[in-house]
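A short write-up of the structure that comes next.
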Amino acid sequence: MLEKIGVIGGGMIGGVLCQEIPRRQLARKLALVDIMPPDMAKGKCLDIAEGSPVALFDAQIAAGKTYDVLEGAELVINTAGVPRKPKPDGSLPSREELLSVNLKITDQVAEGINKYCPKAVVISIANPLDAIVYRLQQKLSLPRGKLMGMAGVLDSARYSYFVAEAAGVSVENVQALVLGGHGDTMVPIRSACRVAGLPAEQFLDEATLSAIEDRTRKAGGEVVKLLGTGSAFVSPAWSALDMAEAIIFDKKKIMAVSALLAGEYGVNDLFVGVPGLLGRGGVEKVIEISLTTDERAALDRSIAAVRKTCEEVDTVSA
Ligand code: APR
């Protein structure tokens with residue numbers, strides 16, 4: 001158990017995090033910051049605290065519109081951002097417009113972390129994932145491994161779920177891995193997909209696996225379309241909590257994580273989804289696995305897409 005965990009952004013994902021952190025007893029204290037007036041963060045946390053006698057946990061929760069509530073947090077989960085929604089004239093903002101809005105928010109997030117909890121391990125969930133983590137690192141200059149993005153755990157969970165469903169087996173029987181950037185170019189790694197320890201191909205045919213991998217790449221959009229407003233929030237929150245637990249309990253668990261690369265997979269100074277060993281120090285090691293020629297080529301294409309977005313980030317000044 002940690003002394004204090006901070007959550008930035010108390011919307012849909014942040015709300016699930018604030019329910020689960022005390023319920024799972026991950027920290028003695030929880031802090032939530034969200035700029036939404038009149039004081040949404042405080043309201044949300046009061047609601048959770050008032051439910052604690054029923055759910056049977058002791059909650060010490062601080063919440064507010066300013067970042068001082070994060071003072072001394074050892075672990076921070078960042079969800080602050082705005083989703084893509086129509087402008088008053090009905091048109092959608094361009095990717096560049098959205099990126100520039102979210103980078104401004106990210107700069108505020110970084111300022112808050114720098115001021116109140118500069119030693120925290122940081123897990124970032126806000127989108128566009130790879131660009132936001134890259135920007136955070138520019139502003140925070142954290143030791144490598146202490147800053148990471150949550151995407152691969154979720155994408156891998158989606159791949160696992162679809163395989164389990166198609167094979168008619170428990171999700172507990174399936175191991176799946178998705179690498180690369182968190183977008184259309186992500187790479188489901190078929191050669192690492194196992195059902196009860198056996199290659200997935202022994203359970204599902206080529207066409208089914210291909211369809212599942214395609215669905216995995218588009219899974220976020222599938223949920224967005226069904227919800228009508230907003231994006232997936234339960235599975236992203238649970239995925240970030242899985243990473244948080246690996247860190248808090250020093251599990252040394254290998255998980256797909258957007259990690260800062262220093263030569264691994266031939267990449268320098270970019271955050272890309274790779275297998276990482278998570279423990280108390282954050283991403284303690286990046287694991288280089290062997291891939292098929294096709295998987296390696298797909299990963300290279302995905303890395304190129306991440307690099308392009310990060311070049312855009314470099315053009316947006318603070
Ligand atoms: N500081 C703190 N909180 C902020 C800031 C800021 N500068 N700017 C915005 N927020 C808050 C918003 O007020 C909102 O409550 O961030 C919250 C984001 O919540 P939602 O809009 O409900 O978004 P959510 O579904 O939780 O997703 C959060 O994760 O998966 C990604 O694409 C998703 O980028 C999005 C993020």
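Counting starts at 1 for both ligands and their atoms, in listed order. Just so you know, residue 1 is the first one in the sequence shown, and it goes up from there.
- Given atom 33 (C) of ligand 1, the protein heavy atom at minimum distance is Asn127 ND2, 3.8 Å.
- Less than 4.0 angstrom separates some heavy atom of Tyr67 from each of these atoms of ligand 1: 1 (N), 2 (C), 6 (C), 7 (N).
- Using a 4.0 Å cutoff on heavy atoms, Met40 counts as a contact of ligand 1.
- Between Met12 and ligand 1, an N or O atom pair is found at a separation short of 3.5 Å.
- Here is the list of ligand 1 atoms found below 4.0 Å of a heavy atom in Met36: 13 (O).
- Look at Asp107 and Arg135 and you find a salt bridge, because one of the NZ, NE, NH1 or NH2 atoms lies within 4.0 Å of a carboxylate O, short of that distance.
- The shortest contact between atom 4 (C) of ligand 1 and any protein heavy atom is with Ala80 CB, 3.6 Å.
- Linking Ile, Leu, Val, Met, Phe, Trp and Tyr residues whenever their side-chain heavy atoms come within less than 4.5 Å leaves Ile8 and Ile35 in two separate clusters.
- Looking only at protein heavy atoms, the nearest one to atom 21 (O) of ligand 1 is Pro83 CD, 3.9 Å.
- Side-chain contact check for Val274 versus Ile287: every heavy-atom pair is 4.5 Å or farther apart.
- Residues Lys252 and Glu284 are paired through a salt bridge, judged by an N-O separation under 4.0 Å between the basic side chain and the carboxylate.
- Within the 4.5 Å cutoff, side-chain heavy atoms of Ile212 are placed close to those of Tyr159.
- Protein heavy atom at the shortest distance from atom 36 (C) of ligand 1 is Thr79 O, 3.4 Å.
- Residue Ala126 has at least one heavy-atom neighbour below 4.0 Å for each of these atoms of ligand 1: 29 (O), 34 (O), 36 (C).
- Residues Ala131 and Leu103 come closest through the heavy atom pair O-CD2, 4.4 Å.
- For the pair Ser124/Met148, no side-chain contact is recorded, criterion being any heavy-atom separation below 4.5 Å from C-beta on.
- Atoms of ligand 1 found under 4.0 Å from any heavy atom of Gln108 (numbered from 1 in listed order, with element): 6 (C), 7 (N).
- Taking 4.5 Å as the limit, some side-chain heavy atom of Ile123 sits within range of a side-chain heavy atom of Met150.
- In this structure the side chain of Asp300 never reaches within 4.5 angstrom of the side chain of Tyr265, judged on heavy atoms.
- Distances from atom 14 (C) of ligand 1 to the heavy atoms of Asp34, Ile8, Leu32 put Asp34 nearest.
- Between atom 29 (O) of ligand 1 and the options Ile13, Thr66, Thr106, Val16, the minimum heavy-atom separation is to Ile13.
- The protein atom (non-hydrogen) at minimum distance from atom 19 (O) of ligand 1 is Gly11 CA, 3.3 Å.
- Protein heavy atom at the shortest distance from atom 18 (C) of ligand 1 is Gly81 O, 3.6 Å.
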